[in-house]
Novice: 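Below you'll find the structure I mean.
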Number of protein chains: 2
Amino acid sequence: MVAQAQRHSGHEHPRPRSAAVVDDIVGQLSDRGYRDTEPRRLVISAVAAQGRPFTAEELCASLPCVGRATVYRGLRLLVETDQVCRVLLEDRELRYQLSHQGHHHHLLCAVCGASADLEGCDVEDMLREAATAAGFRMSGHWLEVYGRCGECAEG
Amino acid sequence: MVAQAQRHSGHEHPRPRSAAVVDDIVGQLSDRGYRDTEPRRLVISAVAAQGRPFTAEELCASLPCVGRATVYRGLRLLVETDQVCRVLLEDRELRYQLSHQGHHHHLLCAVCGASADLEGCDVEDMLREAATAAGFRMSGHWLEVYGRCGECAEG
DNA sequence: ACAGAATTGATACCAAATATCATATGTACA
DNA sequence: TGTACATATGATATTTGGTATCAATTCTGT
């Protein structure tokens, strides 16, 4: 199994399981001592509802009832606790995205913004080997793959 | 040959061939209709003199005689024409670096900032394959590898 | 319910980068 | 070699994205 792709269409609505996702994340934050608050839930919920990588500003715009600072704080918290990961698109804009399970890589559609997770793709070993050959001790890596999703490639 | 590493020590001085590098880049810009100007040469020269990934502000600081706007414009031009590539360190700071030959990846030392190019590392094929399996048509990718260089790993 | 710490949000603030526009400078062409 | 004109420059203002402040509010454990 080289690649298991779990597709997140850029066109779909908030998932039905979104409430469960929010509960799950709130629970994980609780375990780390962070409180379960209304605004924080709103932020998490909005994050979970995004179908594609989003900017902090977009998130603010979608949460008119939550203060800017709180949105940014919530986002930062989610990134710090690895619930959300940053993705850098080719246009240099920094975006965010729910990280689904541990470390993985993204396939990003340059046209519609849809993303897919690339799992089980064993670049790590190859990179570690190459890094070692160059005298480095690898501690991590960041990989984004750009392209067109099936739908957008047809056009 | 898995990895040919061409090391750029973070501690070294501007290369002797720096003038030739500047001429080369200016020539390439000329071919595309961009003029050969004094401030632009200064920017290119400063870029070529950097031994490690640098921020736009650092570049400005090293060019007190060139206007900020001109530095930023020059940098953007170099990125657009693929003379310079952006690297995103783990601390989220966006930095820049001369791109040496075509597409390649970077090994970045998290301690001293030294970088090395990772050439001949065939992630591309693997990624293209995985992307195809996920229904994507890959058009590009971005990969950064973080770690510690030989010197810094010893400590 | 209570105490105390964490969180919120309005606002001010900051830094990085871009837009503006009059002036200066290359380049092509006569 | 000069000249015309588009391009580039740079001082400054502005925008943008994000953080610090701090009084008021809200959680959580007891």
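In what follows, chains carry the letters A, B, and so on, assigned in the order in which the sequence lines appear, proteins first and then strands, with residues in each chain numbered from 1. For the numbers below, each heavy atom of this structure counts, side chains included, while hydrogens, waters and symmetry mates do not.
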Novice: Using modelled atom types only, decide if a donor and an acceptor are shared between the side chain of Arg40(A) and the backbone of Arg35(A) within a distance under 3.5 Å.
Specialist: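 Checking the backbone N and O of Arg35(A) against the side chain of Arg40(A), a donor-acceptor pair under 3.5 Å is found.
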
Novice: On DNA chain C, compare the nucleotides closest to Ala69(B) and Tyr34(B); which residue's is nearer the 5' end?
Specialist: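 With Ala69(B) and Tyr34(B) compared, the 5'-side residue is Ala69(B).
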
Novice: Can you check the Arg41(B) CZ to dT7(D) P distance for me, whole Å?
Specialist: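 Atom-to-atom, Arg41(B) to dT7(D), this comes out as 20 Å.
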
Novice: When rounded to the nearest 0.5 angstrom, what is the spacing between CE in Met138(A) and CD in Glu129(A)?
Specialist: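 Here the rounded value is 11.0 Å.
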
Novice: Do the side chain of Arg40(B) and the base of dG26(C) come within less than 3.5 angstrom through a donor-acceptor pair of N or O atoms?
Specialist: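 No.
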
Novice: To the side chain of Thr37(A), which of dT7(C), dG18(D), dG9(C) is closest?
Specialist: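 For the Thr37(A) side chain, the nearest candidate turns out to be dT7(C).
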
Novice: Nearest-Å distance, CG (Leu77(B)) to C1' (dT9(D))?
Specialist: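 Whole-Å distance recorded here is 14 Å.
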
Novice: Please find the pair of heavy atoms, one from Ser45(A) and one from Val22(A), that lie closest to each other, and give the distance.
Specialist: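 Looks like CA-CG2, 3.6 Å.
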
Novice: Tell me whether the side-chain N/O atoms of Tyr72(A) come closer than 4.0 Å to OP1 or OP2 in dG18(D).
Specialist: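 Answer yes for this pair, as a side-chain N or O of Tyr72(A) is under 4.0 Å from OP1 or OP2.
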
Novice: How long is the line joining CG of Leu29(A) and C1' of dA6(C), in whole Å?
Specialist: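 Computing the Leu29(A):CG to dA6(C):C1' distance gives 13 Å.
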
Novice: Any donor-acceptor pair under 3.5 Å joining the side chain of Arg73(A) to the base of dG9(C)?
Specialist: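 For Arg73(A), whose side chain was compared with the base of dG9(C), there is a donor-acceptor pair (under 3.5 Å).
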
Novice: Roughly how many Å is it from CD in Glu38(A) to C1' in dT28(D), rounded to a whole number?
Specialist: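 Going from Glu38(A) (CD) to dT28(D) (C1'), I get 17 Å.
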
Novice: Hey, is the side chain of Arg68(A) pairing donor to acceptor with the base of dG9(C) inside 3.5 Å?
Specialist: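 It does not, because no donor-acceptor pair links the side chain of Arg68(A) to the base of dG9(C) below 3.5 Å.
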
Novice: Judged by each residue's nearest nucleotide on DNA chain D, which is more toward the 5′ side, Thr55(A) or Gly33(B)?
Specialist: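 Counting from the 5' end, the first nearest nucleotide belongs to Gly33(B).
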
Novice: Rounded to whole Å, how long is the line connecting atom CZ of Arg32(A) with atom P of dA6(C)?
Specialist: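 It works out to 17 Å between those atoms.
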
Novice: Do Tyr72(A) and Ile25(A) sit in one hydrophobic cluster, given that two such residues count as connected whenever their side-chain heavy atoms are within less than 4.5 Å of each other, even indirectly?
Specialist: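 The answer is no; the residues belong to distinct hydrophobic clusters.
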
Novice: Can you tell me how far P of dG17(D) sits from CZ of Arg76(A), to the nearest Å?
Specialist: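 Whole-Å distance recorded here is 17 Å.
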
Novice: Whole Å only: how far is the CD atom of Glu57(A) from the P atom of dG17(D)?
Specialist: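 Whole-Å distance recorded here is 5 Å.
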
Novice: By nearest heavy atom, map Ala56(B) and Ser30(B) onto DNA chain C; which one lands nearer the 5' end?
Specialist: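 On the 5' side of the pair lies Ala56(B).
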
Novice: Which pair of non-hydrogen atoms, one from Ala48(A) and one from Leu98(A), has the smallest distance, and what is that distance?
Specialist: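 Minimum heavy-atom contact is CA-CD1, 4.0 Å.
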
Novice: Confirm from the modelled atom types if Arg35(A) and dT7(C) form a donor-acceptor pair under 3.5 Å, side chain to base only.
Specialist: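 When only heavy-atom distances are counted, Arg35(A) does not reach the base of dT7(C) through any donor-acceptor pair under 3.5 Å.
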
